[in-house]
Amino acid sequence: MCAAAAGSKGRALVSVSDKTGLEELAKGLSAAGYELVSTGGSAKAIEAAGVAVRKVEDLTGFPEMLDGRVKTLHPGVHGGILAIRGNDEHMAAIKAHNISTIDVVIVNLYPFRATVTRSPPPPFAEGVENIDIGGPAMIRAAAKNHGDVTVIVDPADYAELLSQLQSGEVSAQFRKKMAWKAYQHTASYDAQVAEWLWGQVGEGQPAPEMSVPMKLEQGLRYGENPHQAAAFYTDLSLAEYNKGGIATAVQHHGKEMSYNNYLDADAAYSCCCDFKEPTCVIVKHTNPCGVATRDDLLEAYRLAVIADPVSAFGGIVAFNRPVDEKLARELREFRSPTDGETRMFYEIVVAPGYTPEGLEVLKGKSKALRILEAKPRPPSGRSLRQVAGGWLLQGADDLSPEDITFTVVSEKQPTEKQLEDLKFAWRCVKHVKSNAITVAKDHKLLGMGSGQPNRVKSTQIAMEKAGSDIKGAVLASDAFFPFSWGDSVEMACQAGVAAIAHPGGSIRDHDAIDCCNKYGVALVTTGVRHFKH
């Protein structure tokens, strides 16, 4: 045991894995009159900076034990942190055991997340050894006693700490805020440990309890509507590590993202990344209104706009290939097919990359245009959705046409080209809100009907959008047709659709088959439904 150095204003315990800013911190604490106590590598770094530091063993009277597992788990440390200064019994107790108070605790934790997300994954024993014990114990102790002790877990707070120490007093409000931050820090850390351990033993089952660590990335002006408060968080779960997608996109240009922007951009990019070939997707209110696949991405863009230029105006444009100068110029100058004069306006363009020239050209379209660069992410991972008082958890709808057997059930056999178009339409319909219908031909979306309470209306809307191009096109439905005669199937056949795909499974499937046979239309079933609510 040892008393604090004579003349010091107090004692600061420093034990950090992330040594960002440690030298400046140590010098600042020393200049403010604080005695430093530290452990292991932190003590060595402080000594190397030329700042006097005591080892934690001086407080405990014990050396580090058990390969460093036991360093600070001792009354000499925790008594000094937890003693309430205004409690005479507390102060008498630590004095009786020659324990001095610790006034500042600066700790961050073993790099557990970075360790267990390595590729290839580390051995289980290595993951276990990176579960910090002493660090969380000190953090929680200091946070609990924040009336007397300041706890810091983030190097970003070092400057404010030093500023307040130099002014002579750390404010109660700052100590309370840092206590909140400390508990959130350990909560997120523990959530990741629990997630990792459940991954070892859970056998793919939902965890009986779970926590999702999140980090505030942006306060938003408002939510879906101006009267709703909103914010955007990134998911720090291990399952989301390095997965890509809109949440980790880099914004190169434009106005700040809004709540609706995030929803629409995610819908557009998720759909676009579901395609393996060069593809452009245009989304409005989370529904794809234009989709086209071509070797030439510029042509794919034009065809996607033509599918529904009215809806595309003010929409989100997504590509699954980098944007070059030629494509950027087309995005900037392309006129609406409705009048040939109005320059198309978009809220967002998102792609996996941009050439330097392409990015500069695209920036010239509008000061407001949000230009995002995101790592490609096909539908994957888990989905959490809130209901009042609870959450729904499901896996992503990651089935693609390549995973599905398209079974011909009609007398008419689809041609190879029609079958390819059916797969294209099927991939599109997966991303349309139910009840969903898509009409496509030549790997381009001609029309879609979305979100209608009945499938007939969605079919009517999709066919109306397709117009005269519907003759010889294909149609896909996200769920089976409950009725056929005088209903969606017969309507499509009479309009000139050449082939139809639906999951099948209705007690009236034979009606759909008979109807298609009457009109000479090919009908295939997938055995897979793609509801999207």
Side-chain angles (χ1 to χ4, degrees), residues 271 287-293 303-304 306-308 400-401 404 406-452 454-506 508-509 511-532:
C271 179
N287 280 301
C289 58
V291 184
T293 292
L303 292 172
I306 290 169
D308 187 352
S400 66
I404 296 168
F406 288 74
T407 304
V408 181
V409 294
S410 59
E411 294 172 356
K412 182 75 172 181
Q413 298 289 312
T415 65
E416 185 175 339
K417 182 177 181 300
Q418 288 168 349
L419 187 57
E420 287 303 308
D421 276 340
L422 283 170
K423 291 178 179 179
F424 176 88
W426 190 254
R427 202 186 302 266
C428 291
V429 84
K430 181 173 93 172
H431 295 274
V432 177
K433 293 291 179 68
S434 300
N435 288 305
I437 299 288
T438 54
V439 177
K441 184 164 59 178
D442 298 330
H443 286 181
K444 64 179 183 289
L445 184 67
L446 300 178
M448 69 86 185
S450 67
Q452 299 303 306
N454 68 77
R455 197 159 298 279
V456 175
K457 195 62 181 177
S458 287
T459 303
Q460 291 173 338
I461 293 170
M463 293 195 304
E464 178 190 341
K465 293 288 186 183
S468 60
D469 289 335
I470 197 170
K471 295 189 182 300
V474 305
L475 180 147
S477 173
D478 67 336
F480 65 63
F481 295 105
F483 301 98
S484 299
W485 300 108
D487 208 278
S488 298
V489 176
E490 189 169 26
M491 288 164 47
C493 292
Q494 291 173 340
V497 165
I500 297 173
H502 77 134
S506 167
R508 297 183 181 87
D509 272 359
D511 286 347
I513 297 170
D514 292 344
C515 186
C516 286
N517 286 341
K518 175 184 175 180
Y519 289 95
V521 171
L523 178 66
V524 304
T525 58
T526 64
V528 171
R529 188 181 73 186
H530 281 307
F531 269 169
K532 185 176 178 66

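All figures in this text were calculated on a predicted structure; none of them were measured in a lab.
- The minimum heavy-atom distance between Val474 and Gln418, with the atom names listed, is CG1-O, 3.8 Å.
- The SG atom of Cys428 sits 12.0 Å away from the CG atom of Asn287 when rounded to the nearest 0.5 Å.
- Judged by distance alone, with hydrogens and angles left aside, the side-chain atoms of Asp487 form no donor-acceptor pair with the main-chain N or O of Pro482 at under 3.5 Å.
- Side-chain atoms of Ser477 come within 3.5 Å of backbone atoms of Ala479 as a donor-acceptor pair (strictly under, hydrogens ignored).
- Put simply, the side chain of Lys441 gets close to the backbone of Lys471: a donor and an acceptor are under 3.5 Å apart.
- Here the closest non-hydrogen pair linking Met448 and Ile461 is O-CG2, 3.7 Å.
- Looking only at side-chain heavy atoms (C-beta outward), Cys493 and Val489 come within less than 4.5 Å of each other.
- The two atoms that bring Pro288 and Leu445 nearest to each other are O-CD2, 3.8 Å, heavy atoms only.
- Between Leu475 and Thr459 the shortest side-chain heavy-atom distance falls below 4.5 Å.
- Going from atom CZ of Arg508 over to atom CZ of Phe481 covers 14.5 Å, rounded to the nearest 0.5 Å.
- Proximity of a side-chain donor or acceptor of Asp514 to a complementary backbone N or O of Asp511 within less than 3.5 Å is not detected.
- Looking only at side-chain heavy atoms (C-beta outward), Val456 and Phe483 stay at 4.5 Å or farther from each other.
- Under the 4.5 Å side-chain criterion, counting only non-hydrogen atoms from C-beta, Leu523 is in contact with His502.
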Passes side-chain contact (heavy atoms from CB on, under 4.5 Å), Phe406 versus Leu419? Steps please.
CA-CA 8 Å; Phe406 288 74; Leu419 187 57; 4.1 Å; yes
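- Ring planes of His530 and Trp426: tilted class, angle from 30 to 60°.
- Note that the NZ atom of Lys423 and the OG atom of Ser400 stand 10.0 Å from one another [nearest 0.5 Å].
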Hey, mind stepping through Val497 and Ile470 against side-chain contact (heavy atoms from CB on, under 4.5 Å) and telling me if it holds?
CA-CA 6 Å; Val497 165; Ile470 197 170; 3.7 Å; yes
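- A side-chain donor-acceptor contact under 3.5 Å links Ser458 to the backbone of Asn435.
- How far SG of Cys515 is from CE of Met491: 11.0 Å, rounded to the nearest 0.5 Å.
- Contact detail for Asp469 and Ala473: the closest heavy-atom pair is O-CB, 3.8 Å.
- Pro503 approaches Thr525 most closely through the heavy-atom pair O-CB, 3.7 Å.
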Just do the side-chain contact (heavy atoms from CB on, under 4.5 Å) check on Trp485 and Lys518 with the steps written out, would you?
CA-CA 11 Å; Trp485 300 108; Lys518 175 184 175 180; 3.8 Å; yes
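- A donor-acceptor contact shorter than 3.5 Å links the side chain of Thr438 to the backbone of Ala425.
- A pairwise comparison of heavy atoms in Val408 and Val524 identifies CG2-CG1, 3.9 Å as the closest pair.
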Check step by step if side-chain contact (heavy atoms from CB on, under 4.5 Å) holds for Asp478 and Arg455.
CA-CA 10 Å; Asp478 67 336; Arg455 197 159 298 279; 2.6 Å; yes
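- In this structure the side chain of Cys516 reaches within 4.5 angstrom of the side chain of Ile500, judged on heavy atoms.
- Summarising the local packing, NZ of Lys417 is surrounded by more than 12 heavy atoms from other residues, nucleotides or ligands at distances under 6.0 Å.
- Contact annotation: the side chain of His443 approaches that of Glu420 to within less than 4.5 Å [non-hydrogen atoms, C-beta and beyond].
- Without hydrogens or angle criteria, Asn517 side chain to Glu411 main chain gives a donor-acceptor distance under 3.5 Å.
- Under the 4.5 Å side-chain criterion, counting only non-hydrogen atoms from C-beta, Val521 is not in contact with Ser410.
- Rounding to the nearest 0.5 Å places NE2 of His431 at 7.5 Å from NZ of Lys532.
- Counting only heavy atoms from C-beta outward, the side chains of Val291 and Lys444 never approach each other to under 4.5 Å.
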